[in-house]
Structure formats: C-alpha cells, structure tokens
Number of protein chains: 2
Amino acid sequence: MKKTPTVYDVAADAGVSIATVSRVFRRPDDVRASTRETVLASVRALGYVPSASARGLAARRTGVLGLFFPDFDVVDEGDAPSDDLSGSASRVEVVRDIPDTGGAQRADLYFDEVLRGSELQAWHDGFTLMIGVGRGSNPVEVVTDIAGRVDGLALLAGSVPDSLLEHVSRRIPIVLIAGARRDDDFDHVMVANADGMHALTRHVVDDLGVRDPVFVAGPSATADDVERHEGFRRALAESGIDAEALPVLHGDFTRAGGRRVAADLLETLAGAAPPRAIMCSNDQTALGLMEVLIAAGVRIPLDTIVTGFDGIAESRMSSPRLTTVQQPMIALGRAAVATMRSRLEDPEQPPMARRLPVKLLLRESSEGSA
Amino acid sequence: MKKTPTVYDVAADAGVSIATVSRVFRRPDDVRASTRETVLASVRALGYVPSASARGLAARRTGVLGLFFPDFDVVDEGDAPSDDLSGSASRVEVVRDIPDTGGAQRADLYFDEVLRGSELQAWHDGFTLMIGVGRGSNPVEVVTDIAGRVDGLALLAGSVPDSLLEHVSRRIPIVLIAGARRDDDFDHVMVANADGMHALTRHVVDDLGVRDPVFVAGPSATADDVERHEGFRRALAESGIDAEALPVLHGDFTRAGGRRVAADLLETLAGAAPPRAIMCSNDQTALGLMEVLIAAGVRIPLDTIVTGFDGIAESRMSSPRLTTVQQPMIALGRAAVATMRSRLEDPEQPPMARRLPVKLLLRESSEGSA
DNA sequence: CTGTTCGATGTATGCGCTTACAGTGGAGCC
DNA sequence: GGCTCCACTGTAAGCGCATACATCGAACAG
C-alpha cells in the first residue's frame, strides 16, 4: 500500500488533464468515448478510488444523509470491547439451553423499521445513509459530528435539545420525526396519532358498546401521547360521553410501566370487577398491563378489552394478540428522507409538515377470535 | 439559511487566526483557556459546525469505518418510494387482522447482530460507522462509493468479486468477515466453523448414539459450508465412521431450500423410516426442513434429530427449539472493527486472521425437553 | 540587563477534487 | 478559402481545514 492514487496520477497515466478524469466520473457524456476508455483503463490499472472528502469539499455536498436516534438498548451485553486481537480460540463451549420466558430484548423495533424505510428511500434517491445512535449521555457530540458529514439530518423529535437543533440547522436542513409541529421552522414527518386513537376509540365505544373506557397515558411531555389522548377525548365527545369523568391511568411507554399500572389498578379494585376496556397510549404499556392482568386471572377480552398503539411486532405475538393502531414506520423513514431531498432541491420552500395515515388492527384482545 | 459559517468566519468573529480555531477543536490544550472560550463563544454565536469533508481532506483520514453486506431481504414490502410529499392523509384504514402462520421475514438477523457489534466497537474506538447494503445487482458502485468515504472497510467474504477488493484495497485496508483465510493479504475475522460442527457431531454420535447422521450442505462455494462439512467429517472419522458412505443432501442456506430438501427426502423415503439424525449446515435450512418433516408427521426428536448452525433468533422460537451452534455475531462485528483500527495504527504489520470461538446450544430438536 | 526557552498564536501551504471559463481544432457553410 | 459553430479538453481557482514552521512575548537563568 504505497500511496493512494489521485486524479493527478490517473491524469498523468492517461495523458489527459485532471479535469477530464473528473468528468469521466461526474459527467461521462461530456467526454469522448475513446478518451473515457483510456481514462478508465488507467483507473483500473492504478486502483483509483475518488476521495469523497475532496469531492465533498469541492462540490459542497457529500451525498450523505444522516439519521439520528437516541439510544435505547445500550446494554453492552456483557460483551467486552475487543482490544486484544490475539490468536484463535477454538474451544467450543457447550450449553444446555433452557427455554426462556421471553420478553422482548429489543425495544427499538420501531427504529429498525424507520431505518429500513429511510434506507430504501435513500437508495432510491441516490443518497448514502449515515446513522448515529445517541450514546449514553451527550448527544451533542454525536449530532454535531454527523452534521458535519451530511447534507441533511433527520432526528427523532425530542431526542436532542432545541439549542442543538438551531445550531446545526445553520449548516444543514433538519427533519424532525414523529414530533408535533410546533412553531419552529423545521420540516416534520409524523403520523396521524389523534385520528388513529379516535378511530380506535370509536370502535370500542360504538361497535363494542363500551361507554366508560379507561385511558392509560404515556409520558405527558411527548407529543405522541398528547395527540393520542386528544383523539380519545374527541371520540368520546362525539358519542356524548364526558371524558373528564372517566379515570385516567399513567404509564410511561415502557412494558414495566404497563405492569406497574396494572398492579396499581388491581390493588385499587380490591377484588371489584375490572373496567370493561383499557386503552393504552402505546403497545408496550398494553403488553405489560395484559401480562399482569392475565396473571391475576382477568380474562381478555371477556372481562376486559385491552388496546395499544404502535403496532410493534410483539403486539402480534402476545396472547391474546393485541388490537392496536399500526404506525407506518417504514413510510415514516421514507418520508423523512424524501423530505430532506425535497428540501435540498429547493431550500427556499416553506417548512413542510407531513402526516402519514395509520391503520387500525383489530385483533383478539378486543374481540372474539372468529 | 444564508451561508454556512466556516473557520474563517469564526476566526474573524473571535479575532484570532483560523489555525487557532482549528486547534480549539483538534487540540484544545494547545490553546489558552481564555482564547478557547472566546472562540467557542463565536462558534455558538455563528452556529459553526466543522466540515468533515474539509477536515478529511486536510487530515487524510475521515474517522469513518465502512461495513458492507450483500442484500438479502430486498423485498420492497410493496411500499412504494415516497415521491410525492403531498399533504396529510388522515383517513384511518381498519383491518381485521387474522393470525398469520408466521415465517421470518427478515433473514438478516445475522447482519443485524454483526452490525450491532461493529457499532459498539466503533463507538468505543472513536469511529463513525457507515453501512452499505448491496442493492440488487452491482455491488461495485456501492463499495467504491463507500471506499472513497472511509478509512477502512469490512465486508462479508464472498460478497464482492476479488477484483473489486484488490482495487479498493489500494486505497484503504480491507477486513473480510467470515470467509476462510486464503492466500490473500487481507485481514480476516471468522468463527470456528469446523470446531463447532465437530463438537456438535461428536455430541450426536457419542452422546446420542447416532452412527449414521445425514448432512445437509449449503452452497458449496461458501467457506462456511466447506468448513462445517469438514468438522462433520472429522468428528465421524474420530469415531471410526466412514463419512463417505453416508448420504449428503444439498440445501442453499435458505429456509425454502430446507423445505425442498425435506420434500425430496420424504419422496425418496417413500414411507420408509427417516434418518435418525439430520445435521444441517445452517439454521434456516434446518428450520425449513423441520417445518416439512413435522407437517408430514415425523416426530422431532423422537423419530429424527435435527440440528442447525448459526444460532439465529428463530432457532429459539421454533417448536421444538433447534439445537444449533451459536456464532458470536456481536463479537464478530467487534473484532472486525478492532482489526481495522489495529491495521490503521500499524499499516505494516502482517495480515491478521482472527478466529472466534462458537458455542454449542443443546435444545429440544435433539433431545428430550427435560 | 541580555540571551535563552517555551508557551501561545499567526502564516502559509496543500490535501484531491469540481467547475467556470478559456482555448483548440475540425466540420459545415457561404 | 475563410468564417462560424460545436464538441471536446485544458487552465486555474478555489472548497474548508490541518499542520509544519515562523513569530512573538514573557518568564527565567546567568
């Protein structure tokens, strides 16, 4: 590995100017076919690979889009960093593996899906994707680092302080994922939280005839929760029910939180009949809650109907399977990238806010399986 | 968004030279504390974010490592690319979702894990990771593109033509994942395929007393399959069994391939008793095979023992759960990144080949559940 | 008080590429 | 034959930053 070849080397080898070498890659049609072949031959002979740094600097765009997610499962899995690169260990450990009780270890299915959508769209639009995961404490470094490398950045709303957003937005366009549109100038992509919960509530009230569903809220600070709760209230109002008179429980969007809510509820009931329906602000909460209720002998949906929101994979694998509102996560990723592309093409257009439709999935936790 | 600020702007604003601004970021200790504060104040005021392109060009290193995987699930999920960014669609579709028969949609759990390990290690070593997925046809463009952006690149062995490897290796160090060490000069990280299959085979032969296990091979071109088969043969030889006399079936590492193998086998048997043990070269094959055998009334492990190799998540969720050899996928990712780091630190050291130990997971597909 | 040393900062150069702009020569035309 | 036009190629000027080297003072030893 002597010296990595550059345009100059290729130009010299092919007997042309560096401009021509550059054109062969950037605008092949502007170069005569025979010249192009000569240059490409030199490229192959020398093993030339264009430097993205130099190109990015000269062209003022990198062709990379960034995606930032806060970290969730930072668990290091007890797998120590590889520092020693010592030789081969060929001892085979034998383990009698017993069935575990399950429990999703990866809470980030949501991001996996969004990422997948982003990637598909990035490929479609000719971009490369750079993903950053908020490591532990301070997202500032990570985000700034990425911001210096990309042409545009999409982040989960609320994952970084506004000041940081303002800062990096001086350099590149920012797209916020899944946050409510506030009075900022950023572009947004989000889902129809309120409409989804509204439709689900209507189903529970009108079709299933429950006139006093209990709502389990999430962290009150999140836009997602606020919007869902609003959809819930709106649906009740339409049916002439006073939502304010109904009890509201408080989870935190985690499965553990759902368990806690259920435990508290059971304690409060002290043996009385449980509510006819419990509508949770997200799936994790609903799943944790179901776990505890079922363990306590509550029959779902016979005694109590339970619903969630998100449509994560686990919601399909519980028993009974969870009725929920499915977010279009892949579409969310696609929309985020498409929005960035659009913004890059026309930086002057007014802030965009795109809201994606959701889908109501009726399953056994809210009705008979047939 | 007027003009993105540069070092010059910051330098002017802070009343220092651009060298000082640069030092504030690169070598803060070389700058007097008071000067540093002045500069940082200007940085905040202007919203300055260093350009990675310029830095990469000047410093001749980008701080990014690349990871390339061939594509597996290119399925577009019927989810069309977002071209229109039109307004909000708030109609909620309602779907009566019936339980599906499952079937893993994502065959790339393997890569997810390796990716996770790579990311952990990259973070540990202060690198950013750029992942590339071989889209459809030609990996050449993707790989060259990435190669121009990173300081080092790790790829799944066999995923791209050797000529491409030679080409890009003129620019950056290459690490091959999971391929057999050939007579090349690349660095390698891999797992103890042969040892793992050897241990598993010994278990089947010695502990379970099966003296005529059937081997289901994978694509013959892959090093993984070759090594596993070799481990199988070695174990038999040690027990004085003539491996050559035993039948070998041929899968292709996919679940569908496993189903096909099973169907063919059942047809061949024409009602006769199935083999006492079927040892597959990977999990997907074993899972597909089990599906078909079970559907045909074969009791596993009572009539036939089935084993796999890889330890993918699905192997833990089948019934019966699959006895298999677990690859240290996270560790593989870590090792790949650690190897690149090491190579970058000392480009002159001889090629490295690191082989990671595997773990034998005994589960119900090879024995009673108690 | 002068020569030395060293920490802090400025000066100047170049990293490898893109891209306006300026040739350059041949074909087509009057 | 001279002129225009066009397709192609070369010239040259940065892009924003890192860094070797020069410079400048002040602290310090003699």
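A note on names: the letters A, B, ... follow the listed sequences, proteins ahead of strands, and every chain is numbered from 1. This is a predicted model, so every value here is computed, not measured.
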Visitor: Taking atom C1' of dC6(C) as reference, at what distance in whole Å does atom CG of D30(B) sit?
Guide: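 Roughly 13 Å, once rounded to whole Å.
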Visitor: Looking at the base of dC17(D), is there any donor atom on it, or on the side chain of Y8(B), that sits under 3.5 Å from an acceptor on the other one?
Guide: yes
Visitor: Round to a whole Å and report the spacing from CZ of F25(A) to P of dT19(C).
Guide: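 Computing the F25(A):CZ to dT19(C):P distance gives 15 Å.
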Visitor: Should T144(B) and L164(B) be marked as a side-chain contact (heavy atoms from CB on, under 4.5 Å) after you check the CA-CA gap, both sets of side-chain angles, and the distance that decides it?
Guide: CA-CA 8 Å; T144(B) 329; L164(B) 218 202; 4.3 Å; yes
Visitor: Of the nucleotides dC17(D), dG10(C), dT9(C), which has the atom closest to the A19(B) side chain?
Guide: dG10(C)
Visitor: Write down the distance between CZ (R26(B)) and P (dT19(D)), rounded to a whole number of angstrom.
Guide: 9 Å
Visitor: I want to check one thing: is the phosphate of dC17(C), taken as OP1 and OP2, less than 4.0 Å away from some side-chain N or O of Y48(A)?
Guide: yes
Visitor: Is it the case that the base of dG16(D) and the side chain of R60(A) share a donor-acceptor contact (distance under 3.5 Å, atom types as modelled)?
Guide: no
Visitor: Taking the six-membered ring for Trp and the single ring otherwise, decide whether the centroids of Y48(A) and F25(A) are under 6.0 Å apart.
Guide: yes
Visitor: Pick the nucleotide of DNA chain D nearest each of T20(B) and L57(B); which residue has the one closer to the 5' end?
Guide: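 Comparing both residues, the 5'-ward one is L57(B).
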Visitor: Would you work out how much the helix from dC1(C)-dG30(D) to dC30(C)-dG1(D) bends between its ends, with each end axis defined by five base pairs, to 10 degrees?
Guide: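 What I find for the helix from dC1(C)-dG30(D) to dC30(C)-dG1(D) is an axis angle of 40°.
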Visitor: Need one value for V16(A): base, sugar-phosphate or nothing, where a base atom within 4.0 Å counts as base even if backbone is also close, heavy atoms only.
Guide: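 Counting heavy atoms under 4.0 Å across all strands, the contact made by V16(A) is with sugar-phosphate only.
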Visitor: Would you say dG10(D) has OP1 or OP2 under 4.0 Å from some side-chain N or O of S17(A)?
Guide: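 Yes, such a contact exists.
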Visitor: Can you tell me how far C1' of dC8(D) sits from CG of D29(A), to the nearest Å?
Guide: 13 Å
Visitor: With respect to the phosphate group of dA18(D), does any side-chain polar atom (N or O) of R55(B) fall under 4.0 Å of OP1 or OP2?
Guide: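 For R55(B), the contact criterion (side-chain N or O under 4.0 Å from OP1 or OP2 of dA18(D)) is met.
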Visitor: What do the steps show when you test D151(A) against F127(A) for side-chain contact (heavy atoms from CB on, under 4.5 Å), and what is the final call?
Guide: CA-CA 10 Å; D151(A) 294 335; F127(A) 283 103; 4.3 Å; yes
Visitor: Are side-chain heavy atoms of I174(B) and M340(B) found at a separation under 4.5 Å?
Guide: no
Visitor: Find the distance R27(B):CZ to dG7(C):C1' and express it as a whole number of Å.
Guide: 13 Å
Visitor: With a 4.0 Å cut-off on N to O distance, would you call R354(B) and D187(B) a salt bridge?
Guide: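 Answer for the salt bridge query: no.
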Visitor: How close or far is atom C1' of dG10(C) from atom CD1 of I18(B), stated in whole angstroms?
Guide: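 For the pair I18(B) CD1 and dG10(C) C1', the rounded distance is 10 Å.
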Visitor: Pick out which of L165(A), V175(A), V143(A) makes a side chain to side chain contact (heavy atoms under 4.5 Å, CB included) with L153(A).
Guide: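 Among L165(A), V175(A), V143(A), the one meeting side chain to side chain contact (heavy atoms under 4.5 Å, CB included) with L153(A) is V143(A).
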Visitor: Under 4.0 Å between any heavy atoms, over every strand shown, what does S22(B) touch: base, sugar-phosphate, or nothing? Just pick one.
Guide: base
Visitor: I would like to know whether V189(A) and L356(A) meet side-chain contact (heavy atoms from CB on, under 4.5 Å); could you show each step before the answer?
Guide: CA-CA 8 Å; V189(A) 294; L356(A) 304 173; 5.5 Å; no
Visitor: Calculate the interatomic distance between R23(A) atom CZ and dT9(D) atom P; express it in whole Å.
Guide: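 In whole Å, dT9(D) P and R23(A) CZ are 8 Å from each other.
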Visitor: How many Å lie between CZ on R32(A) and C1' on dC6(D), as a whole number?
Guide: 13 Å
Visitor: Contact class for V31(B) vs. all strands (heavy atom < 4.0 Å): base, sugar-phosphate, or nothing?
Guide: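 Sugar-phosphate, no base atom in range.
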Visitor: For T35(A), answer base if it contacts any base atom (sugar-phosphate contacts may also be present), sugar-phosphate if it contacts only those atoms, and nothing otherwise; contact means non-hydrogen atoms under 4.0 Å.
Guide: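 Sugar-phosphate contact only - T35(A) comes under 4.0 Å of backbone atoms but never of a base.
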Visitor: Tell me whether R149(A) is salt-bridged to D145(A), with the criterion being a basic N under 4.0 Å from an acidic carboxylate O.
Guide: yes
